[in-house]
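Bear in mind that the values here come from a model prediction, so they are computed numbers and not experimental data. We're numbering straight along the sequence, starting at 1.
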Amino acid sequence: MPRLALDLARPSRRHWLGYILLAPAVVLVALIILYPLIVSLDLSFQKVGIARLDQPRKDFTLVNYKRLFTSLEFWYACWVTLKLVTIVTAACFAIGLGTALLVNNKFKGKTAARLLVALPWAIPEVIAVVIFAWIFDSSFGLMNWILVTTGLSEKMISWFSQPVPAFTVVSVVLIWKGYPFVSIMTLAGLQSIPEDFYNAAKVDGANSLQRLRYITLPVLMPVLGVTTVLVVLWVFRDFSIIKVLTDGGPVKATTTLSIMTYEQAFGFFNFGYASAVGMVTLVICVLASLLMLGHRAKAMY
């Protein structure tokens with residue numbers, strides 16, 4: 001056996017073997033994630049049109065960030081993103097928690113119900129968007145037919161040519177696509193709660209709401225905390241649903257930061273400015289994640 005292998009086999013040096021085995025994966029992750037991130041950061045401090053790696057680096061400048069923070073378009077995109085994240089996250093948690101509590105009970109057809117709950121999460125986003133585009137079509141969509149037939153609306157609604165209806169459709173599609181993830185995560189947490197907790201609470205006279213408040217929700221807090229962060233980040237960065245459904249319109253009503261980054265980079269070929277938007281978006285996501293995780297940690301302790 002080689003001397004190096006003998007040295008790594010010693011109990012005091014076995015941790016080095018783990019580092020050596022992890023090294024290829026670490027290098028691969030660095031190439032895939034860190035390198036593009038460094039390039040984007042560098043581009044954000046340059047006034048670059050179409051970026052080419054074989055070109056010499058341009059002069060350092062803060063013009064992209066000055067333009068960004070004085071742009072009404074950027075602040076409006078922040079407002080649209082904040083609204084979308086708040087509405088979609090709240091609705092996903094309300095529906096996801098409710099469906100998880102429902103399918104966690106024992107009833108006939110429980111397996112089929114769980115599959116139906118998880119079905120939207122398994123459907124590709126583009127296919128889901130195409131389906132909803134037909135449902136909300138202004139001329140012969142199912143939603144307009146239901147609203148007119150039931151008398152809830154006197155005329156056909158142009159869902160994709162008005163700001164509020166377009167934002168509503170985007171929110172509905174994101175909620176439909178995202179609540180199964182919350183439901184699956186919550187259901188996994190519910191499965192880990194010992195049945196003895198509920199039996200003891202029943203003996204003490206606790207009703208269903210009291211068991212939910214004092215047993216279920218406190219035990220689920222770690223799961224709900226991580227799920228909150230993942231859902232917020234997913235809505236924050238989602239691109240394909242909005243791009244295919246409304247393309248950020250009408251009149252920027254659904255232009256989020258991810259859509260704005262794409263438009264500046266591949267619509268106007270302002271790669272330096274788009275990189276600045278992307279870096280600010282990254283910072284906002286990191287700060288939001290740290291704040292949510294810190295709040296959850298304080299709530300637990």
Side-chain angles (χ1 to χ4, degrees), residues 1-46 48 51-54 57 85 89 92-93 96 100 118 121-126 177-178 180-194 219-241 257-258 261-262 265 271-272 274-301:
M1 183 179 296
R3 182 178 179 81
L4 179 60
L6 291 174
D7 291 340
L8 292 176
R10 295 178 182 178
S12 60
R13 298 184 180 180
R14 284 181 181 175
H15 61 284
W16 288 107
L17 179 60
Y19 293 149
I20 294 173
L21 295 176
L22 286 174
V26 173
V27 172
L28 183 62
V29 170
L31 291 175
I32 294 175
I33 299 177
L34 292 182
Y35 178 71
L37 186 62
I38 294 173
V39 172
S40 297
L41 180 62
D42 186 49
L43 284 175
S44 69
F45 291 106
Q46 304 176 54
V48 178
R52 290 179 57 183
L53 297 179
D54 58 345
R57 189 190 184 282
V85 168
T89 303
C92 283
F93 267 84
W121 184 256
I123 297 178
E125 289 188 349
V126 175
K177 193 76 175 74
F181 175 74
V182 179
S183 183
I184 293 170
M185 295 289 288
T186 306
L187 182 61
L190 290 172
Q191 296 292 315
S192 65
I193 301 177
V219 176
L220 287 177
M221 287 302 292
V223 176
L224 295 178
V226 175
T227 306
T228 302
V229 174
L230 294 177
V231 172
V232 168
L233 294 179
W234 169 69
V235 179
F236 213 101
R237 66 170 181 76
D238 187 80
F239 170 80
S240 58
I241 290 178
L257 290 173
S258 61
T261 304
Y262 177 86
F271 279 84
S275 298
V277 178
M279 296 310 300
V280 172
T281 304
L282 176 63
V283 171
I284 294 174
C285 289
V286 171
L287 292 177
S289 302
L290 293 176
L291 287 174
M292 286 185 291
L293 291 175
H295 177 72
R296 292 293 181 182
K298 291 181 180 179
M300 290 174 58
Y301 299 101

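- The structure places CG of L282 at 10.0 Å from CZ of F236, a figure rounded to the nearest 0.5 Å.
- To the nearest 0.5 Å, atoms CG (L233) and CD1 (I284) are separated by 12.0 Å.
- Minimum interatomic distance between G278 and T261 (heavy atoms only, all atoms of both residues): N-OG1, 4.1 Å.
- Here I33 contributes atom CD1 and L28 contributes atom CG; the two are 9.0 Å apart, rounded to the nearest 0.5 Å.
- The CG atom of L34 lies 12.0 Å from the CG atom of L41; values are rounded to the nearest 0.5 Å.
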Exercise. Stepwise, does the side chain to side chain contact (heavy atoms under 4.5 Å, CB included) test hold for L37 with M279?
Worked result: CA-CA 9 Å; L37 186 62; M279 296 310 300; 4.1 Å; yes

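- Summarising the geometry of S192 relative to G189, their closest heavy-atom pair is OG-O, 2.6 Å, with the distance given to 0.1 Å.
- Side chains of I193 and L190 form a contact here, defined as non-hydrogen atoms less than 4.5 Å apart.
- Of the possible polar contacts, one joining the S258 side chain to the D238 backbone as a donor-acceptor pair under 3.5 Å is found.
- Residue L43 comes nearest to S275 through the heavy atom pair CB-OG, 3.5 Å, listed as atom of the first residue, atom of the second, then distance.
- For the atom pair T228 OG1 and M221 CE, the distance stands at 8.0 Å (nearest 0.5 Å).
- Here M185 contributes atom CE and L224 contributes atom CG; the two are 9.0 Å apart, rounded to the nearest 0.5 Å.
- The two residues T227 and V223 have their closest heavy-atom pair at OG1-O, 2.7 Å.
- K177 is listed as a side-chain neighbour of W234, based on a closest heavy-atom distance under 4.5 Å.
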